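The structure appears below as structure tokens.
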Amino acid sequence: MRARLLALVLLLLLAGCSSGGTRDDGRVTLRFQSLAWQKESVEANKDLVKEWNATHPDVRVEYVQGSWDSVHDQLLTAFEGGEAPDIIHDASDDLADFAYGGYLADLTGLLPARLKSDIPQRSWETTTFGGGIYGVPFLQEPRVLIANATWLRRSGVRIPTPEKPWSWPEFRRITEQLSGRGKYGIAWPLKEPVSATLNLSLSAGGQLFHRGADGKVTVRFEAADQVVPRTIHAQAGTDRSASPTTLGSGGSDTLPGFFGGRYAMVPLGFSYRQQIVQQAPKGFAWQVLPAPAGAGGLTQGVSPQTLSVAEDSPHKKEAAAFIDFLLRPENMVRLALGDWMLPTGTRALNDPALRTPEHGWATGTALAAHLRPAPAQTVRGYPEWKDKVATPALQEYYSGAIGIRELRQRLEEDGNLVLARYQR
Amino acid sequence: MRTSRPARVGQYTALLAYLAFLALPFLWLVSTAFKPPRELGSLHPTWIPNDPTLANFRQAFDEQPLLHAALNSLLAALAAAVVAVLIATPMAYVVARRRTRLTKAVTGWVVVSQAFPFVLLIIPLFLVLKDLRMINSVPGLVLVYVVWALPFALWMLAGYVRAVPPELEEAAAVDGAGRVRTLVSVTAPLLAPGIVATALFAFITAWNEFFFALVLLKTPQKQTLPVVLTHFIGAEGVADLGPLAAAAFLATLPSLVVFAIIQRRITGGMLTGAVKS
């Protein structure tokens, strides 16, 4: 009896395990791997896929849920095995290896003029490698200051606007003014300090990576590159206006302290507003402020979210047509609202829904024109430089373990050794 | 040997501390799963939610196909456990009872194979499974899990086989039992707790496995629970904490239930009935 039961269970298991192949009905089927993860964003993506399928009976799109956490490894394996999705959602700073590796289709001749002209050239630069376009940048987010509005109003400090932002020295003075009695003017979540530092340094005119006449890139940590690191270092170490405990934290980790009145401001990505709306205590007043500006104005680096087409896809034209549909201005607005981010398209950016003061949308859209490709996007060897040299060096600098001289030495000397290996 | 009272108190204290250490993350997960978003962002978190809610569970089920993913995980883990044990048991017997150069080499290979990183294996594995047309199929995943679990299962079971005194098998032979009869009637019952423990190990390994499932399963209908859990995590590690905790809590339940059912078999009389009267 037992043996029969076991056999039955095994039979059922095998039956349940059998893979159900896809029905071949002659139509083109495209797989669209989306990394949308927030409820509204997943809904927006799925709705758009449904709308496409309803109006394009011959080209069916299948929505496949991917994950930001593991997208690089998953895609790499899929590319190697020739099983990649046709349409790929990713971020521009993840595309270089795939583009140079020949895994992504060059979209130059596939995209309609409407889409090309709607997205500014500075955004296209984030997905252009060796003269080819390997992704369509469609969502991006600036780093902003999320502030405790009540605290700021009571303190009497000048509230910055995109038209009249704080300068970095003014920002330092104000955070000092807001601090005291166990409270801090700012909490820097710098668990991953490199991209935050580099992207914000553009506002002070920092460049860090310099391409020579021979096309080779070297690191030079000059005065403009030092403005942001020096400010953070001084806030945490000298002025005591930045919480020293959050330097090793992620953005979400700082929110309880922010809601609890421990910090007046937290620099976060624009999309964190969704978490703030969800988690802020009732009656908690917050507002979005532009990050401080320097010699470069409000400029800062971004790595937009992108849509690409796999080189192996036999239906590149159809895939590009779907991307065009997904990124029509009205659809781009839906995607942007779902992800609490800014669209790259100029027509979508002008939509009134993204210009409302509510939840700081207007401040964000005012910053869009100042967003530039993240400085290291096209630098080969950047990931290794970031992990092995810059991350530990900046972490030690911000914690006070090393000074600016050693930071400079490590970023430049050790860093250039790493980059040189990739540029022989 | 009697243990002194202070020593006993020390032992119990250490045991309680260890239990607390193990239980705290799980209890925190349960607590988080029932907290509304505003409590998740509180500077003064509480163990017991002030305003407990099922909204996180509702949201988790609304947003992701959790039940379907759980069924896929269950199928893959059960099949992997059964197949791994069926293959590993006779292998373990040979490794434990026959001490030859070959068995030593096999044992060495088992140890070495545990050192291979997943990333090293995944691309060749992917290509092999693709040729076998087993990409994006639960049987393909089961095959990987069986191969992955086999070395350790073999290692574990060989230890259990060695714990069974060979004299019992010899006594059965003296009584006239043949080789097969001895293995089935004498050795196998004594190995039962070991087989159950090994199956449990293979089940939990497969149930928790993420990377292979992520890479090998392409369509949402085939994805397993650990893969679906990552859909609550966004760029730069930002997480939808409430639904993630709710889904993770549900994901831990089957392991706990299976373990609760099986643990009596593991602890219950390793050598029950072994003594020949």
Side-chain angles (χ1 to χ4, degrees), chain A residues 6 9-10 13-14 16-22 31 33 35-39 41-43 62-70 73-74 76-78 80-83 85 91 191-192 195 250-252 255-262 269 271-272 274-282 305 339, chain B residues 36-45 59 62-65 71-72 74-76 78-79 82-83 119 122-123 125-127 129-130 133-142 210-211 214-216 218-223 227-243:
Chain A
L6 183 66
V9 169
L10 280 173
L13 279 176
L14 288 172
C17 285
S18 66
S19 69
T22 45
R31 280 192 301 126
Q33 179 167 297
L35 302 180
W37 67 282
Q38 300 187 85
K39 191 181 174 200
S41 173
V42 174
E43 272 172 17
E62 185 186 5
Y63 181 91
V64 179
Q65 186 67 61
S67 150
W68 282 107
D69 209 28
S70 45
D73 292 340
Q74 187 257 339
L76 184 62
T77 316
E80 286 285 345
E83 293 281 342
K191 190 178 176 183
E192 291 181 18
S195 63
S252 303
L255 293 182
F258 176 60
F259 297 142
R262 193 163 284 179
S271 62
Y272 272 88
Q274 193 246 10
Q275 290 210 350
I276 292 169
V277 168
Q278 274 193 347
Q279 296 180 15
K282 276 179 191 163
Q305 293 188 20
D339 251 332
Chain B
R38 287 187 206 291
E39 281 192 52
L40 292 173
S42 169
L43 187 59
H44 305 289
Q59 191 181 335
D62 283 351
E63 285 179 25
Q64 300 297 338
L71 186 67
N72 288 338
L74 197 64
L75 283 171
L78 274 177
V82 170
V83 178
V119 179
I122 191 67
I123 289 178
L125 236 164
F126 189 92
L127 294 174
L129 288 173
K130 191 184 164 206
R133 295 174 181 242
M134 291 181 90
I135 293 288
N136 198 33
S137 77
V138 178
L141 191 66
V142 170
F210 166 71
F211 189 58
L214 171 82
V215 170
L216 297 175
K218 292 183 296 181
T219 54
Q221 297 80 16
K222 298 282 166 57
Q223 286 177 339
V227 177
V228 169
L229 285 184
T230 65
H231 298 163
F232 294 104
I233 299 172
E236 293 184 20
V238 184
D240 208 350
L241 209 54

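Only a predicted model underlies this, so the values are computations on that prediction, with no experimental measurement involved. Convention: sequence-line order gives letters A, B, ...; per-chain numbering from 1.
Interface residue Lys282(A): backbone and side-chain heavy atoms are both found under 4.5 Å from chain B. In this structure, chain A has a heavy atom under 4.5 Å from the backbone of Phe232(B), while its side chain stays farther away. For Ser70(A), the parts lying under 4.5 angstrom from a heavy atom of chain B are both the backbone and the side chain. The contact between Leu214(B) and chain A is made by backbone and side chain atoms together, counting heavy-atom distances below 4.5 Å. Contacts between Ser42(B) and chain A at a heavy-atom distance below 4.5 Å involve the backbone alone (N, CA, C, O). The contact between Tyr63(A) and chain B is made entirely by backbone atoms, counting heavy-atom distances below 4.5 Å. Contact of Glu43(A) with chain B is not made at all, since no heavy-atom distance falls under 4.5 Å.
Residues Trp68(A) and Ile233(B) form no side-chain contact, since every pair of their non-hydrogen atoms from C-beta on lies 4.5 Å or further apart. A heavy-atom distance below 4.5 Å is not found between the side chains of Leu216(B) and Asn136(B).
Remark: Gln279(A) engages no residue in a side chain to side chain donor-acceptor pair (under 3.5 Å) (not counting sequence neighbours). In this structure Glu39(B) satisfies the salt bridge (charged side-chain N to carboxylate O under 4.0 Å, His left out) test with no other residue, sequence neighbours excluded.
How far OG of Ser137(B) is from NZ of Lys222(B): 7.0 Å, rounded to the nearest 0.5 Å. Summarising the geometry, atom CD belonging to Glu83(A) is positioned 6.0 Å from atom CD1 belonging to Ile135(B); distances are rounded to the nearest 0.5 Å. In this structure, Phe210(B) CZ and Asp69(A) CG are separated by 6.0 Å, a value rounded to the nearest 0.5 Å.
Your options are Gly251(A), Ala36(A), Gly66(A), and the one with the most heavy-atom pairs under 4.5 Å with chain B is Gly66(A). Of the residues considered (Gln38(A), Arg31(A), Glu192(A)), Arg31(A) shows the highest number of contacts with chain B, using heavy-atom pairs under 4.5 Å. The greatest number of non-hydrogen atom pairs below 4.5 Å with chain B, out of Gly261(A), Ala91(A), Ser67(A), Gly250(A), is found for Ser67(A). Here Glu80(A) is the residue among Glu80(A), Gln33(A), Lys191(A) with the most heavy-atom pairs under 4.5 Å with chain B. Interface summary for chain A: among Asp62(B), Asn72(B), Leu241(B), Val238(B), the most heavy-atom pairs under 4.5 angstrom belong to Val238(B). In terms of heavy-atom pairs under 4.5 angstrom with chain B, the leader among Thr77(A), Val64(A), Leu76(A) is Thr77(A).
Neither side chain, His231(B) nor Gln65(A), offers a donor N or O lying under 3.5 Å from an acceptor on the other. The closest side-chain donor-acceptor pair between Gln274(A) and Asp339(A), if any, does not fall under 3.5 angstrom.
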